[in-house]
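This report concerns only the one structure given below.
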Amino acid sequence: MSTVSDATRLDVRANPPLPHDFVSRVLAVVDGIPSGRVMTYGDVAAAIGSRAARAVGQVMARHGDEVAWWRVVRASGEPAAGHGREAMRRFAAEGTAVGRGGDRVDLSSARITA
DNA sequence: CATTTGACTGCGT
DNA sequence: AACGCAGCCAAAT
C-alpha cells in the first residue's frame, strides 16, 4: 500500500534532468563545460545552488579523471593544484584563452558561469 | 555523532 | 605580487 512518503520519493525520482547528490551534480556540470571554456570551482558550486567551492575540489580530486577536470580552474585563473603542466597543455590543445604569463587562463574571455 | 580534511576564496599584510 | 589567515561546506575518518 502506498503512503505519503512513498509518493514523495517517487515524485522526486521521476523528475530529474539533474542528479540528486552533490558528487553527481558536480560531475554533470563539469561535463557540460564546452571545449575552450572554463568555470571556477565557485562557479561550479553556484551552478548547483551551493557555495561549497572546496567541496567541489574534493569531488574533482576523487572523480576528476571521469571528466574534463582541466576546465575547472581557481578563481585566479590558475589551473587545478598540482596539475598546472598538464592543464596548460590541454588549454593550448583546445584553444582556451591564456593570460600573459602563460600560466593561467584568461578568465575575462574563457570563463562561463552556467 | 565530533573532528579533521581539502584540486577553494576573499581580504589584509 | 607573494603570503598568511579565517571563513566556508561537503566528505571522509
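Model, not experiment: these values are computed from the prediction. Chain naming here is simple, since letters A, B, ... match the order of the sequence lines and numbering starts at 1 in each.
- Contacts of A:Gly82 with the nucleic acid, taken as non-hydrogen atoms under 4.0 Å apart, are absent.
- The CG atom of A:Leu107 sits 11 Å away from the P atom of B:dG10 (whole-angstrom rounding).
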- Take nucleotides 2-13 of chain C nucleotide by nucleotide from the 5' end and write B, S or -, depending on whether a protein heavy atom sits under 4.0 Å from the base, only from the sugar-phosphate, or from neither. -----BBSSSS-

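- At a threshold of 4.0 angstrom between heavy atoms, the contacts of A:Ala61 include nucleobase atoms, whether or not backbone atoms are also involved.
- Remark: P of B:dG6 and CZ of A:Arg74 are 14 Å apart, rounded to the nearest angstrom.
- Rounded to a whole Å, the CE atom of A:Met60 is 12 Å from the P atom of B:dA7.
- Atom CD1 in A:Ile33 sits 10.0 Å away from atom CH2 in A:Trp70 (nearest 0.5 Å).
- Not counting sequence neighbours, A:Thr113 has no partner by the side-chain hydrogen bond (donor to acceptor under 3.5 Å, both in side chains) test.
- At the heavy-atom level, A:Thr40 lies under 4.0 Å from the strands shown only through sugar-phosphate atoms.
- Every pair passing salt bridge (charged side-chain N to carboxylate O under 4.0 Å, His left out) that includes a residue from residues 33-60 of chain A is listed here, sequence neighbours excluded: A:Asp43-A:Arg111.
- A:His63 pairs by the ring-ring contact (aromatic ring centres under 6.0 Å, His included) definition with nothing, not counting sequence neighbours.
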Please tabulate, for side-chain N and O atoms in residues 80-88 of chain A, each donor-acceptor pair with protein atoms closer than 3.5 Å (sequence neighbours left out).
{"residue": "A:Glu86", "atom": "OE1", "partner": "A:Arg89", "partner atom": "NE", "Å": "3.1"}
{"residue": "A:Glu86", "atom": "OE1", "partner": "A:Arg89", "partner atom": "NH2", "Å": "3.3"}
{"residue": "A:Glu86", "atom": "OE2", "partner": "A:Arg89", "partner atom": "NH2", "Å": "2.9"}
{"residue": "A:Glu86", "atom": "OE2", "partner": "A:Arg90", "partner atom": "NE", "Å": "3.1"}

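- Partners of A:Arg74 according to the salt bridge (Lys or Arg N to Asp or Glu O under 4.0 Å) rule, which considers only residues two or more places apart in sequence or in another chain, do not exist here.
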